[in-house]
Amino acid sequence: MIVRNRTRRRAGNSVLEAVFVFPILLVLTLNAVDFGYFFYVKHTLQGAAREGARAAAVPDNTNTNVTTAVTQSMNAAGIASNKYTVAVRNATDTANVTVASQPAGTAILVKVTANWGNVRLRPTPPFVIILGDSKPVTGQTIMRKEG
């Protein structure tokens with residue numbers, strides 16, 4: 001009889017330990033998923049910027065061609081065009097440029113930026129706390145204009 005009572009008490013211990021450990025594991029798992037999705041979005045923005053820079057490198061293309069290339073890449077990833085911005089710049093300037101007016105050999109920078117709060121998975125549980133909603137996610141590529 002004594003052995004049986006000790007076994008029953010220990011069974012309750014494992015349930016109590018599971019109650020304490022399971023929420024911690026759940027929070028860690030969901031934060032890892034959110035962190036992984038952040039890098040998926042960053043990689044997507046980088047790929048879209050690369051596609052835009054490839055369009056900018058062609059001699060007769062315009063800024064519209066660059067934006068279209070970025071939009072097609074982002075739409076393929078399921079990110080709507082109202083959730084990111086596209087900047088086309090000369091690599092040495094901070095102001096936007098017209099791609100068609102740049103001479104051959106000019107380095108053109110295409111930068112695609114999104115706010116993490118706009119592109120993260122929804123609904124986000126309140127205990128997913130690694131990355132804040134105000135974090136910017138950016139992808140950029142520089143290519144020389146062909147001539």
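FYI, the numbering just counts along the sequence from 1.
In terms of heavy atoms, Met74 sits closest to Ala48 at SD-CB, 3.6 Å. Listed here is the closest heavy atom pair of Val112 and Val70: CG2-CG1, 3.9 Å. Between Ala49 and Gly139, the closest heavy-atom pair is CB-O, 3.5 Å. Between Ala69 and Glu51, the shortest heavy-atom contact is CB-O, 3.8 Å. Heavy-atom minimum distance, Gly52 versus Val66: O-CG1, 3.6 Å. Across all non-hydrogen atoms, the minimal contact from Val99 to Val88 is CG2-CG1, 3.4 Å.
Interatomic distance, Ser81 OG to Gln72 CD, rounded to the nearest 0.5 Å: 12.5 Å. Annotation: the span from Thr44 atom OG1 to Phe39 atom CZ amounts to 13.0 Å, rounded to 0.5 Å.
A donor-acceptor pair under 3.5 Å links the side-chain atoms of Ser101 to the main chain of Thr98, judged by distance alone. Between the side chain of Asn31 and the backbone N or O of Val27 there is at least one donor-acceptor pair closer than 3.5 Å. The main-chain N or O of Ala95 is never found under 3.5 Å from a side-chain atom of Asp93 such that the two would form a donor-acceptor pair.
Annotation: side chain of Thr71 is in contact with side chain of Tyr84 (closest heavy-atom distance under 4.5 Å). You'll find the side chain of Leu45 stays beyond 4.5 Å of the side chain of Thr113, heavy atoms only. At a threshold of 4.5 Å between non-hydrogen side-chain atoms, the residues Asn118 and Asn115 count as touching. By the 4.5 Å heavy-atom criterion applied to side chains, Thr138 and Lys111 are counted as neighbours. Phe38 is listed as a side-chain neighbour of Val137, based on a closest heavy-atom distance under 4.5 Å. Contact annotation: the side chain of Arg50 approaches that of Met143 to within less than 4.5 Å [non-hydrogen atoms, C-beta and beyond]. Between Gln102 and Val97 the shortest side-chain heavy-atom distance falls below 4.5 Å.
Residues satisfying the side-chain hydrogen bond (donor to acceptor under 3.5 Å, both in side chains) test with Asn63, not counting sequence neighbours, are none.
In Arg120, the CZ atom is crowded: over 12 heavy atoms of neighbouring residues, nucleotides or ligands sit closer than 6.0 Å. Atom CG of Asp133 has more than 12 heavy atoms from other residues, nucleotides or ligands within 6.0 Å.
Membership of the apolar cluster around Leu109 extends to Ile142, as traced through chained side-chain contacts below 4.5 Å between ILVMFWY residues.
Ring geometry, Trp116 versus Tyr37: the interplanar angle falls from 30° to 60°, so the pair is classed tilted.
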Residue pair Ile108, Arg89: steps toward the side-chain contact (heavy atoms from CB on, under 4.5 Å) verdict
CA-CA 6 Å; Ile108 305 288; Arg89 299 180 178 153; over 6 Å; no
Worked verdict on Asn65 versus Thr68 for side chain to side chain donor-acceptor pair (under 3.5 Å)
CA-CA 5 Å; Asn65 298 111; Thr68 301; 5.8 Å; no
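Two different hydrophobic clusters hold Leu28 and Leu26 under the rule that ILVMFWY side chains link at heavy-atom gaps under 4.5 Å. One hydrophobic cluster, built from ILVMFWY side chains closer than 4.5 Å, holds both Ile79 and Tyr40.
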